[in-house]
**Q** 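Sharing a structure, written as structure tokens. Questions coming.
What you see below is based on every heavy atom in this structure, not just the backbone, and it leaves out hydrogens, waters and symmetry mates. Heads up: numbering here begins at 1 and tracks the sequence.
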Amino acid sequence: MCVNFIPPTRQQLTEYFHVDPPEEEWKSDIWQDYRAPLIIDTGTGAFTFMASYGFIPKAHLPPGRRFTTMNARAETVGQLHSYKSAWHHCQLCLVPMQAFVEPCYETGKNVWTRIGLANGEPFAVAGMWRGWQERDGTTSYSFTQLTINADDHPLMKRMHKPGDEKRSLVIVPQEQYANWLQCRSPEVARTFLTSFPANQMAIQG
């Protein structure tokens with residue numbers, strides 16, 4: 001599962017995604033509970049806002065519970081309590097990035113490996129967002145990334161420990177950005193959750 005990614009720069013959000021960057025700054029490396037820019041469309045056009053990585057932030061976990069929600073499995077996203085409401089309400093977003101990082105064990109030990117597009121351009125993966133009412137009366141936001149099985153994907157099957165199921169984020173083709181963001185049917189949304197061509201992806205040095 002992806003637990004780390006490289007977000008876009010402010011210039012890339014404008015140039016490649018055609019949205020105004022949020023006023024807030026963000027880190028150059030995103031991990032759990034770090035804030036990153038998302039893209040959504042609530043009916044008036046695509047725009048960006050900041051949200052924390054992990055659908056249930058650590059501050060909102062039940063006492064004594066520790067689990068991660070940075071990735072939501074496509075197979076169970078509509079059934080699990082953590083995700084099903086957002087999925088059925090199609091709270092869909094794009095998570096823009098330059099690369100995501102996965103563990104590769106081909107050398108016999110873990111080597112963290114950056115994966116991006118073969119052309120080096122930024123891209124976006126399918127995600128979901130939700131809001132949280134904070135004690136001070138404000139609303140904060142969080143997000144998760146959707147994942148699919150990648151046992152047969154030429155590139156992604158090389159990631160993760162031997163014997164583990166291979167998983168991949170869902171890279172959304174650029175020409176489908178608006179369709180994904182404007183989708184209001186869970187059944188239709190599921191048709192977007194497909195593998196991205198391996199020949200258009202690359203391991204970055």
**Q** So, are R167 and E75 salt-bridged, with charged N and O less than 4.0 Å apart?
**A** yes

**Q** For W132 and S142, does a side-chain donor sit closer than 3.5 Å to a side-chain acceptor?
**A** yes

**Q** Let me confirm one number: the CG-NE2 distance from D151 to H153, rounded to the nearest 0.5 Å.
**A** 12.0 Å

**Q** Quick one: CD1 on I171 to OG1 on T194, what's the gap to the nearest 0.5 Å?
**A** 10.5 Å

**Q** Measure the spacing between CZ of F49 and OG1 of T42 and express it to the nearest 0.5 Å.
**A** 9.5 Å

**Q** So with a 6.0 Å cut-off around CG of N199, is the heavy-atom count from everything else above 12?
**A** yes

**Q** Starting at OG1 of T44, measure out to CG of D41 and round the result to the nearest 0.5 Å.
**A** 6.5 Å

**Q** Using a 6.0 Å cut-off, check whether atom CD of E24 has over 12 heavy atoms from anything other than its own residue.
**A** yes

**Q** Atom SG of C2 and atom NE2 of H160: how far apart are they, to the nearest 0.5 Å?
**A** 8.5 Å

**Q** Using salt bridge (charged side-chain N to carboxylate O under 4.0 Å, His left out), reason through E25 and R10 one step at a time and then give a plain yes or no.
**A** CA-CA 9 Å; E25 298 292 334; R10 304 181 74 83; 3.6 Å; yes

**Q** Decide yes or no on side-chain contact (heavy atoms from CB on, under 4.5 Å) for W26 and M50, but give the supporting numbers first.
**A** CA-CA 9 Å; W26 55 89; M50 297 293 289; 3.7 Å; yes

**Q** May I ask you to decide if L92's main-chain N or O and W87's side chain share a donor-acceptor pair within less than 3.5 Å?
**A** no

**Q** Got a donor-acceptor contact below 3.5 angstrom from the N4 side chain to the I30 backbone?
**A** yes

**Q** With rounding to the nearest 0.5 Å, note down the distance linking CD in Q145 to SG in C93.
**A** 8.5 Å

**Q** Does either side chain, that of S185 or that of E187, offer a donor lying less than 3.5 Å from an acceptor on the other one?
**A** yes

**Q** Is there side-chain contact between V111 and E106, with at least one heavy-atom pair below 4.5 Å?
**A** no

**Q** Looking only at heavy atoms, which two atoms of T144 and A72 are closest? And how far apart?
**A** OG1-N, 3.4 Å

**Q** Using atom types as modelled and distance alone, determine if a side-chain donor or acceptor of T48 lies under 3.5 Å from a backbone N or O of D20.
**A** yes

**Q** So, Q32 versus T68: side-chain donor-acceptor pair below 3.5 Å or not?
**A** no

**Q** Does the side chain of V172 come within less than 4.5 Å of V125's, by heavy atoms?
**A** no

**Q** Are W31 and L38 linked, directly or through intermediate hydrophobic residues, by side-chain heavy-atom contacts shorter than 4.5 Å (ILVMFWY only)?
**A** yes

**Q** Shared ILVMFWY cluster between Y105 and I203, side chains joined below 4.5 angstrom?
**A** no

**Q** Testing the basics here: between I39 and A46, what is the closest heavy-atom pair and its distance to 0.1 Å?
**A** CG2-CB, 4.0 Å

**Q** Show the nearest heavy-atom pair for residues C104 and M159, with the distance to one decimal.
**A** CB-SD, 3.8 Å

**Q** Go through it in stages, so that I can follow the logic: the residues are I148 and S195, the test is side-chain contact (heavy atoms from CB on, under 4.5 Å), and I'd like the CA-CA distance, side-chain angles, deciding distance and then a yes or no.
**A** CA-CA 8 Å; I148 56 176; S195 297; 3.8 Å; yes

**Q** State yes or no: do M97 and F196 share one hydrophobic cluster built from I, L, V, M, F, W and Y residues joined by side-chain heavy-atom distances below 4.5 Å, directly or via other members?
**A** yes

**Q** Applying side chain to side chain donor-acceptor pair (under 3.5 Å), name anything that partners Q204, two or more places apart in sequence or on another chain.
**A** R114

**Q** So with a 6.0 Å cut-off around CD of E175, is the heavy-atom count from everything else above 12?
**A** yes

**Q** Looking only at atom types and distance, does a side-chain atom of Q91 sit under 3.5 Å from a main-chain N or O of W129, one as donor and one as acceptor?
**A** yes

**Q** Would a 4.5 Å heavy-atom cut-off, applied to side chains only, mark I56 and S82 as touching?
**A** yes

**Q** If I compare all heavy atoms of N119 with all of E121, which pair ends up nearest, and what's the gap?
**A** OD1-N, 2.9 Å

**Q** Would you check if the side chain of K157 reaches a backbone N or O of K166 as a donor-acceptor pair within less than 3.5 Å?
**A** no

**Q** Are H18 and L13 close enough, and set up right, to give a side-chain contact (heavy atoms from CB on, under 4.5 Å), and what steps lead you there?
**A** CA-CA 6 Å; H18 311 294; L13 280 176; over 6 Å; no

**Q** I'd like to check M128 versus F55 (side-chain heavy atoms, cut-off strictly below 4.5 Å). Are they in contact?
**A** yes

**Q** If you group Ile, Leu, Val, Met, Phe, Trp and Tyr by side-chain heavy-atom gaps below 4.5 Å, do Y83 and L61 land in one group?
**A** no

**Q** Considering non-hydrogen atoms only, spot the tightest contact between G127 and V95 and give its length.
**A** CA-CG2, 4.3 Å

**Q** Are I6 and D29 close enough that some pair of their side-chain heavy atoms sits under 4.5 Å apart?
**A** yes

**Q** State, yes or no, whether a side-chain contact exists between Y34 and S52 at a heavy-atom distance under 4.5 Å.
**A** no

**Q** Report, as yes or no, whether the 6.0 Å neighbourhood of atom NE2 on H88 holds more than 12 heavy atoms from other residues, nucleotides or ligands.
**A** yes

**Q** Say whether E134 and S140, considering side chains only, have a donor N or O and an acceptor N or O under 3.5 Å apart.
**A** yes

**Q** Would the distance check show the side chain of E15 and the main-chain N or O of Q12 forming a donor-acceptor pair, the cut-off being under 3.5 Å?
**A** no

**Q** Answer whether the closest heavy-atom distance between the side chains of V101 and F5 falls below 4.5 Å.
**A** no

**Q** Counting only N and O atoms by type, is there a donor-acceptor contact under 3.5 Å from the side chain of Q98 to the main-chain atoms of P7?
**A** yes

**Q** Should the pair Y53 and F143 be assigned to parallel (<30°), tilted (30 to 60°) or perpendicular (>60°) ring geometry?
**A** parallel

**Q** Counting N and O atoms only, with roles assigned by atom type, does the side chain of T76 sit under 3.5 Å from a partner on the main chain of Q79, one being a donor and the other an acceptor?
**A** no

**Q** Identify the heavy atoms of C90 and R184 that sit nearest to each other, and give their distance.
**A** SG-C, 3.4 Å

**Q** Under 4.5 Å between any side-chain heavy atoms of V170 and F192, yes or no?
**A** no

**Q** For Y177 and F17, what are the C-alpha separation, side-chain angles and deciding distance, and is it a side-chain contact (heavy atoms from CB on, under 4.5 Å)?
**A** CA-CA 9 Å; Y177 284 175; F17 301 98; 3.6 Å; yes

**Q** Between R35 (side chain) and K27 (backbone), is there a donor-acceptor pair under 3.5 Å?
**A** no

